[in-house]
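Everything on this sheet refers to the single structure shown next.
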Amino acid sequence: MNPRHQRTLVTAALPYANGPIHLGHLAGAYLPADIYCRYQRLAGRDLVFVCGSDEHGVPILLKARKEGVDPQQVVDRYHAMIEKAFAAFGMSFDYYGRTTDPLHRETSQEFFRTLADKDCFVLKTESQLYDPKAGIFLADRFIRGTCPGCAYEEAYGDQCEKCGRSLSPADLLRPRSALSDAVPELRETTHWYLPLGRFQDKLSAWVGDKKDWKPNVLGQVKSWLADGLNDRAVTRDLPWGVPVPADVARKAGVDAEGKVLYVWFDAPIGYISATRRWAEAQGDPELWKDYWCSEDSKLVHFIGKDNIVFHCLIFPAMLMAHGGFVLPDNVPANEFLNLEGDKLSTSRGWAVWLHEYLEDMPADYLRYALATTLPEGRDTDFSWKDYQARVNNELADTLGNLANRTLTFAKRYFEGRVPPLENPSEADRALLAGLDGLPERVGELLETYKMREALSEIMGLAREGNRYFNEQKPWVTRKEDRRTCGNTIHAALQLVASLSVLLDPFIPFSCASLRGMLGFEGLRNSALREDEEARIHWADAGRPLLEEGAVLGKPEILFHKVEDSYVEAQLKKLEATRQDSAEGSGENAGGDDGEEDIPEFAPLIGFEDFQKLDLRVGKILEADRVKKSKKLIRCLVDLGREKRQILAGVAEFLDPEDLIDQQVIVVANLAPRKMLGLESQGMILMAEGPDGRLSPLRADAAPGSVVR
RNA sequence: GGCGGGGUAGCUCAGUUGGUGAGAGCGCAGGAUUCAUAACCCUGAGGUCGACGGUUCAAGUCCGUCCCCCGCUACCA
């Protein structure tokens, strides 16, 4: 820990309150953050750990509308669910807030007002789609319509969830408002933008100093900086969010009606408002400033890699613009966790939900298994088989068994007390000496966000304990040399006690119960910021913690083996969701997000609508890949009367050879469109298989024939 | 195509600023042991460190080219 830092504020990414927490979230941000914080508290550091639910934004509004409820009801539900699951998982937040908290609204508005007063924004007026029926402007995601690519009729204005294709609202066929079904019209609207370019130099200089940031984080950040930063809109026309302060709008000559802060603007301010709430709860409402506004305070953001740009550039720019706040000392972003070799996908159900897991297994098993495979440097894989192996081989066999064999031995042959250490042997002294320095070494690893290595270092100690136990053979010395036997058990108990401290940040529940078995009291509570009763700290794990003659508790099995049946059941459960989603059609052979059911049928159209289409049989004469394009194939198609150049976005699925000489069906009266400098004069119809494969519709008739 | 991150034992992954024989856990094969959750402990087999060039006395580690995987991004009429 840098001596200039007197206190630490740790944040974990605000989970979005439109769904439950899954393994990817835990591995990405929450578990490493919690390990870090528990360690810091054990070490006696002044630390505050905040988090909270991110409850604004379009997806929540849409979900609410879909369910026919108020958005508040949606976030109430998920907020409660997330908070409960986090608590059961052992997340030791000092405060878990939410962005619908009135104090958050106030904090965000103050922040916005300060930036406006300092003239940090620019105003831009542009034409956007407006819902005349609901009387509000519509964000891109608020336009629904039929996807021109796959005919999915619930496509968003920015992207089709069905085929993954990115869209703009103008692309949609039959666009309609997601709120009222009204046909949107263009109107002008004004928004506040944060001109990030103004902060480019300051950000570059600031990031340039960050030698200790992880390579994956620095790489991304520098790449963004090199590209140059653009203006970012910080407000939206939405009925759900933190309202743009009326006074600020008035001053700017803008009607604030229906305008809110863009969710990415208010969300990170949630870290601040949560700290304020925490300070209130401490009975000192100004206390939060010690952590946010004092140069000797260290700010650390734990996030997943998808959040890097916000936490390393945009939020810091906001803080710079505001002034008076500390900037993050580090942003130890993790990579992604895969599941059974495939990437997680909420919409495909390829995930393990925390609240479901906790229904049948202990939090610590998952904490341990995840901690050994955190994606610290690159994407990693979680598999149930690996989970089982970690729990059985390491927690149960190595650690649990060490504790158990030591404790039961002491109970049976030493009246359940800590035997004295008398004339210790070289081996006894070596074992105890081996503890010395370990807290510091592990602490250094944790300070530098190497949770996995720290854990593996500690487990090495458990292995050493087993080795020592074997070599000393107390079951032999018990009969011939009781003093030596007592020394062995004494030293082994001390080692187990130290383990119960060192492992506490990782598996706090088990360590607490282990300490119960050891009759070991007085350790700081790793989940509590202050613990007046506690006299034992992290560093004390380097010395013997148990008194000679102290009474031990009742030994119990600390970790139970995970049965094969459990693993099989979990795999089966996952496999079922994969089956479900594979049955539909769906684009994306790569298996991206996206609901993969068979699309619903589009609304009825009249015959006259159908007649507008001019479908013809065409013969593909030439086909070749458009260079510099991943998706486009250029075709020359004979339509009888004339030959047309048509571009088809199928290069990911088909080779030009698959198309040449094929007789296909062409939309002949589609307006021409230029792509990559080439004009496409029609569209070749394709059928899409369940795995995303495309195959052209063949027609056995002369080129130019009318299709009806 | 552009940008970023990766490609190291059968599997999951470590490998700081280039330097003693390339590691851990699991799995596998032997052995030892019985205090303990059929647990523990020891030994061993197993790797052209993605490919090819280059710099260097010395490269998994630096440079160049290429191949493959992941993420973001651009054209899916």
Side-chain angles (χ1 to χ4, degrees), chain A residues 147-150 160 163-167 171 214-224 226-227 305-306 308-309 335-336 338 341 343 372-383 385-386 388-390 392-398 400-410 412-413 448 450 452-453 456 459-460 462-463 465-478 485 488-489 492 555-561 587 590 626-633 646-653 667 670-684 686 694:
Chain A
C147 174
C150 68
C160 174
C163 64
R165 143 185 203 159
S166 57
L167 302 166
D171 296 335
K214 296 175 28 164
N216 56 335
V217 176
L218 275 182
Q220 273 214 34
V221 170
K222 289 185 172 164
S223 157
W224 272 77
D227 285 352
K305 68 173 164 186
D306 50 330
I308 287 175
V309 66
E335 302 285 306
F336 287 146
N338 291 324
K343 57 181 173 180
T372 60
T373 184
L374 291 172
E376 289 173 350
R378 60 165 167 184
D379 293 359
T380 59
D381 189 50
F382 177 92
S383 72
K385 230 184 143 194
D386 193 58
Q388 180 189 36
R390 292 290 186 185
N392 292 1
N393 299 331
E394 298 179 25
L395 277 186
D397 293 348
T398 302
N401 187 41
L402 173 65
N404 185 244
R405 69 199 297 204
T406 307
L407 282 160
T408 52
F409 205 101
R412 279 167 66 182
Y413 304 115
T448 49
K450 294 170 188 157
R452 289 167 46 145
E453 195 180 343
S456 129
M459 288 305 284
R463 276 179 245 285
N466 277 316
R467 196 177 310 128
Y468 168 81
F469 203 107
N470 277 15
E471 284 166 1
Q472 298 314 115
K473 299 185 172 45
W475 57 93
V476 173
T477 58
R478 172 176 72 84
C485 179
T488 301
I489 298 308
E556 278 167 15
I557 297 297
L558 206 48
F559 306 102
H560 295 273
K561 298 285 182 76
E587 244 259 18
V626 176
K627 54 179 183 293
K628 289 188 150 190
S629 166
K630 202 172 3 177
K631 297 179 179 174
L632 293 179
I633 289 182
I646 298 179
L647 302 178
V650 298
E652 287 177 300
F653 312 103
V667 182
L670 194 60
R673 162 81 174 234
K674 257 193 167 178
M675 284 178 289
L676 289 176
L678 297 171
E679 187 170 84
S680 183
Q681 303 160 325
M683 175 168 173
I684 299 172
M686 303 264 176
L694 295 169

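Since the structure is predicted, the reported quantities are computational estimates derived from the model, not experimental observations.
With sequence neighbours excluded, the residues forming a ring pair (Phe, Tyr, Trp, His ring centres under 6.0 Å) with Phe382(A) are Trp384(A), listed by chain and number. Judged as a salt bridge (charged side-chain N to carboxylate O under 4.0 Å, His left out), and not counting sequence neighbours, the contacts of Glu394(A) are Arg390(A). Taking Asn392(A) as the reference, nothing meets the side chain to side chain donor-acceptor pair (under 3.5 Å) condition, with sequence neighbours excluded. Take Tyr413(A) and apply the ring pair (Phe, Tyr, Trp, His ring centres under 6.0 Å) test, not counting sequence neighbours, and it matches Phe409(A). Taking Lys214(A) as the reference, nothing meets the salt bridge (charged side-chain N to carboxylate O under 4.0 Å, His left out) condition, with sequence neighbours excluded. Residues forming a side chain to side chain donor-acceptor pair (under 3.5 Å) with Asp386(A) (at least two apart in sequence, or on another chain): none. Residues that satisfy the side chain to side chain donor-acceptor pair (under 3.5 Å) test with Glu556(A), not counting sequence neighbours, are absent from this structure. The side chain to side chain donor-acceptor pair (under 3.5 Å) check on Lys561(A) picks up Asp397(A), with sequence neighbours excluded. Val309(A) meets the side chain to side chain contact (heavy atoms under 4.5 Å, CB included) test with Trp224(A), Leu313(A); sequence neighbours excluded.
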Listing time: all N or O pairs from protein to nucleotides 26-33 of chain B that are below 3.5 Å?
from, atom 1, to, atom 2, distance (Å)
rC26(B), O3', Asn393(A), ND2, 3.1

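Residue Phe469(A) contributes atom CZ, which lies 17 Å from atom P of rA39(B) at whole-angstrom precision.
For the strand RNA chain B, secondary-structure stems (runs of at least three Watson-Crick or G-U pairs, all distances below 3.5 Å) span B:1-7 with B:67-73, B:10-13 with B:23-26, B:28-31 with B:41-44, B:50-54 with B:62-66.
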Along nucleotides 4-9 of chain B, 5' to 3', which nucleotides get a B, which get an S, and which get a -, given that the test is a protein heavy-atom distance under 4.0 Å? S-SSB-
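The side chain of Lys561(A) places an N or O atom within less than 4.0 Å of a non-bridging phosphate oxygen (OP1 or OP2) of rA39(B). Contact annotation: Arg390(A) side-chain N/O to rG25(B) OP1/OP2 distance is not under 4.0 Å.
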